[in-house]
Participant: 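Just dropping this structure here.
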Protein chains: 2
Amino acid sequence: MTAARELNYFGPDPRARSLRQGRSGIVGVIIEDRVLNSFRDPMTLAALDGISQELGEGSGMLLLTAVGDGESTIQSAVFDAAIFMGCSPHLARSIEIMRQRNIPMVAIEGQAFDGVLAVSLDNREAARRIAQVVHDLGHTRVATVTLPLDALRSLRPLSEEIVAGATTAVSIDRLEGARDVFPDLDGVVAASSSSDDGLEAGLRLLTGSVSSRPTAILAQSDLLAVGVIRAAEQLGLAVPADLTVVGFDGARIEGFSDYQLTTMKQPATEKGRAAGAAVTALLAGEPASDVSFASVLRMGNTAGPVPG
Amino acid sequence: MTAARELNYFGPDPRARSLRQGRSGIVGVIIEDRVLNSFRDPMTLAALDGISQELGEGSGMLLLTAVGDGESTIQSAVFDAAIFMGCSPHLARSIEIMRQRNIPMVAIEGQAFDGVLAVSLDNREAARRIAQVVHDLGHTRVATVTLPLDALRSLRPLSEEIVAGATTAVSIDRLEGARDVFPDLDGVVAASSSSDDGLEAGLRLLTGSVSSRPTAILAQSDLLAVGVIRAAEQLGLAVPADLTVVGFDGARIEGFSDYQLTTMKQPATEKGRAAGAAVTALLAGEPASDVSFASVLRMGNTAGPVPG
DNA sequence: CTGTTAGCGCGTTCAC
DNA sequence: GTGAACGCGCTAACAG
């Protein structure tokens with residue numbers, strides 16, 4: 001008789017099951033950008049892959065974008081745990097609600113929040129280290145190309161006003177690290193981590209007289225650095241003879257084999273894995289604690305002494 | 001008094017709400033590979049972006065990988081509608097169940113299933129067109145590098161056995177289109193759409209005597225084509241003077257500016273948008289119908305007449 | 001070991 | 001207009 005009904009009964013309803021068990025098998029992954037931009041960034045991609053490695057087949061990743069009115073979506077979406085990829089202060093309300101609901105939360109390189117486990121990277125320290133390398137080569141006219149500092153995604157000159165209103169922890173930390181070495185460091189804010197933006201930023205920074213233009217550019221990501229190098233090539237400048245360019249990330253960049261970028265290599269996949277593992281542990285009722293990773297200097301061939 | 005209780009009441013529970021309303025605001029996106037591999041492919045990425053554009057802020061994308069025992073995950077996951085990205089026959093059981101549950105389903109370039117709305121591309125016709133271009137240039141010794149034909153991801157020589165057991169509709173269609181022009185077309189099956197695989201495949205195909213090696217290679221994706229061109233460069237062959245290489249997709253490839261690839265440009269983002277729009281319509285109870293897109297030939301500078 | 005029941009937290013309906 | 005009750009579909013606990 002049960003079998004008879006099976007004629008149109010097809011398995012337990014996942015919604016009812018999730019209500020009953022208090023578990024949906026879904027981990028929310030909150031990104032603060034449109035999907036495409038996030039996925040174009042090799043570091044984000046690597047972290048996502050790391051997460052999915054650790055979550056295993058049992059659970060899926062629910063991609064939620066926290067742009068604009070995304071708050072309500074986050075608060076009303078079904079998931080057992082949340083991973084923030086670079087979360088900024090304006091998510092405070094959602095985080096508060098999720099904490100009250102006892103939803104485990106892990107932030108990868110976001111601002112620190114109470115009750116949110118942190119997976120972090122030594123951004124400031126690493127940025128300082130590579131800036132020091134450039135400093136030790138004798139450079140004094142130095143500029144930077146930063147990652148986006150706030151929700152307004154547009155390429156524009158860096159200003160103290162922008163810095164004051166900045167919300168993106170990663171970019172702020174890397175900027176501060178660089179300014180630990182070059183206190184007056186100025187430059188351009190990119191709209192995204194892409195070589196197109198690096199190119200545009202490079203062109204802006206490098207058009208000027210030989211005596212005023214920077215002899216070194218600190219890019220906050222490898223993609224940006226690659227773009228800056230392209231800009232230099234377009235302007236007839238040789239790297240590193242005429243211009244030193246350093247990056248950040250240690251990304252493997254498709255079709256960029258002429259140079260070996262001087263950069264700080266970060267363990268991107270491991271960050272994702274740590275976040276995934278932490279979520280898994282917390283969901284199993286086990287304790288988990290903050291994790292921090294360190295970047296490693298990779299000396300390439302894009303940094304050299306001051307020209308002339 | 002309600003307010004008094006609010007001290008520890010934080011919003012409606014999404015699980016209960018989803019059970020009651022029969023809606024979770026989640027669209028399942030089923031991919032048949034690891035997350036990383038899918039995200040490395042610019043076409044998949046563009047389609048995902050298109051989907052997220054159309055879904056709007058109200059709903060999130062639940063990423064489900066249908067590798068291995070993924071069947072059970074799909075059947076027990078919470079979502080209102082499903083989008084298959086290149087689904088193969090072995091998902092038939094899950095599809096059957098979802099149909100019984102009245103879950104709207106849309107497949108982007110997958111095998112046709114009853115009750116699954118199709119968003120398709122003219123893969124066969126387009127592959128035929130670009131093969132015809134190569135044919136008209138006079139090439140007769142032609143080889144192909146195909147996308148994966150089945151779940152076994154490994155780079156290996158194309159064989160009729162593999163073709164017979166193939167499950168990936170896109171690759172099959174493109175191969176058939178090419179064979180409409182070159183009936184005995186042989187070559188290599190790639191493990192993924194990547195320039196690394198293209199390079200490896202190119203090296204395999206191009207090591208041989210001048211008289212036996214192909215004068216043209218039809219790659220089933222632009223990334224593969226780029227890899228083949230790199231292989232040619234490594235072997236000292238000039239493109240297109242010594243070797244004609246054509247791709248498929250019309251992808252914008254980072255750091256590949258020396259050539260303009262001759263390829264079929266497909267509307268990848270639009271495919272995603274169409275899928276997202278269809279899902280949105282179906283969830284609103286509105287009708288939706290199959291959509292098919294056409295590729296456009298883009299003449300670049302990587303195809304030329306037969307050498308000698 | 002099989003069959004029944006209670007309640008997960010909500011939204012809607014119905015009764016007042 | 002405000003308030004109580006029912007049921008979405010399941011599973012865990014309990015009774016027979």
Side-chain angles (χ1 to χ4, degrees), chain A residues 1-28 56-60 62 64 69-82 93-105 115 279-280 282-286, chain B residues 1-28 30 56-60 62 64 69-82 93-105 115 279-280 282-285:
Chain A
M1 56 183 172
T2 314
R5 276 198 179 172
E6 267 200 54
L7 289 176
N8 55 358
Y9 174 77
F10 282 82
D13 179 323
R15 276 178 284 256
R17 176 205 282 261
S18 84
L19 173 60
R20 182 60 237 240
Q21 321 217 83
R23 280 293 158 83
S24 57
I26 295 177
V27 174
E57 299 289 332
S59 48
L62 177 63
L64 297 167
D69 65 343
E71 289 269 318
S72 56
T73 307
I74 295 176
Q75 293 167 22
S76 62
V78 178
F79 49 77
D80 301 337
R93 174 82 187 133
S94 297
I95 289 176
E96 179 60 23
I97 290 179
M98 289 166 61
R99 180 172 37 204
Q100 298 293 341
R101 287 185 189 157
N102 271 325
I103 293 180
M105 291 178 280
V279 152
T280 306
L282 291 170
L283 284 174
E286 297 156 15
Chain B
M1 55 183 174
T2 313
R5 275 197 178 175
E6 268 200 53
L7 289 176
N8 56 357
Y9 174 78
F10 282 83
D13 179 324
R15 277 177 282 256
R17 177 206 282 265
S18 85
L19 171 60
R20 183 62 219 198
Q21 322 220 75
R23 281 292 159 84
S24 58
I26 295 177
V27 174
I30 291 118
E57 299 291 331
S59 49
L62 178 63
L64 298 167
D69 65 342
E71 289 269 318
S72 57
T73 307
I74 295 178
Q75 293 167 23
S76 62
V78 178
F79 49 75
D80 301 337
R93 173 81 189 134
S94 296
I95 288 177
E96 178 60 23
I97 289 179
M98 290 167 61
R99 181 172 34 208
Q100 298 292 341
R101 286 186 190 158
N102 271 325
I103 293 180
M105 290 177 281
V279 152
T280 305
L282 290 170
L283 283 175

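Atom set for the values below is all heavy atoms of this structure, side chains included, hydrogens, waters and symmetry mates excluded. All chains are named by letter (A, B, ...) in the order of the sequence lines, taking the proteins before the strands, and each is independently numbered beginning at 1. All of these numbers come straight from a predicted model, not from anything done at the bench.
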Participant: Excluding sequence neighbours, so at least two apart, what forms side-chain hydrogen bond (donor to acceptor under 3.5 Å, both in side chains) with Asp80(B)?
Facilitator: Arg15(A), Ser24(B)
Participant: If I compare all heavy atoms of Val279(B) with all of Ala81(B), which pair ends up nearest, and what's the gap?
Facilitator: CG1-CB, 3.8 Å
Participant: Report the distance from atom CZ of Phe10(A) to atom P of dC10(D), rounded to the nearest whole Å.
Facilitator: 13 Å
Participant: For nucleotides 6-10 of chain C, print each protein N/O atom paired with a nucleotide N/O atom at under 3.5 Å, atom names and distance only.
Facilitator:
residue: dG7(C); atom: N2; partner: Arg20(A); partner atom: NH1; Å: 2.9
residue: dC10(C); atom: OP1; partner: Tyr9(B); partner atom: OH; Å: 2.9
residue: dC10(C); atom: OP1; partner: Asp13(B); partner atom: N; Å: 3.0

Participant: Taking only residues two or more places apart in sequence, or in another chain, which ones meet Ala82(B) in a side chain to side chain contact (heavy atoms under 4.5 Å, CB included)?
Facilitator: Ile30(B), Phe79(B), Phe84(B), Met98(B), Met105(B)
Participant: Taking side chain to side chain contact (heavy atoms under 4.5 Å, CB included) as the test, write out the residues that go with Arg20(A), two or more places apart.
Facilitator: none
Participant: Enumerate the residue pairs fulfilling salt bridge (charged side-chain N to carboxylate O under 4.0 Å, His left out) with a member in residues 94-104 of chain A, sequence neighbours excluded, ordered by first and then second residue.
Facilitator: Glu96(A)-Arg99(A)
Participant: Which heavy atom of Gly25(B) sits nearest a heavy atom of Ser59(B), and at what distance?
Facilitator: O-CB, 2.8 Å
Participant: List the atom of Ile74(A), the atom of Ser94(A), and the distance in Å for their closest heavy-atom pair.
Facilitator: CG2-CB, 4.1 Å
Participant: Axis-to-axis angle across the helix from dC1(C)-dG16(D) to dC16(C)-dG1(D), five pairs an end, to 10 degrees?
Facilitator: 60°
Participant: In Å, rounded to the nearest 0.5 Å, how long is the span from CG of Leu282(B) to CG of Asn102(B)?
Facilitator: 11.0 Å
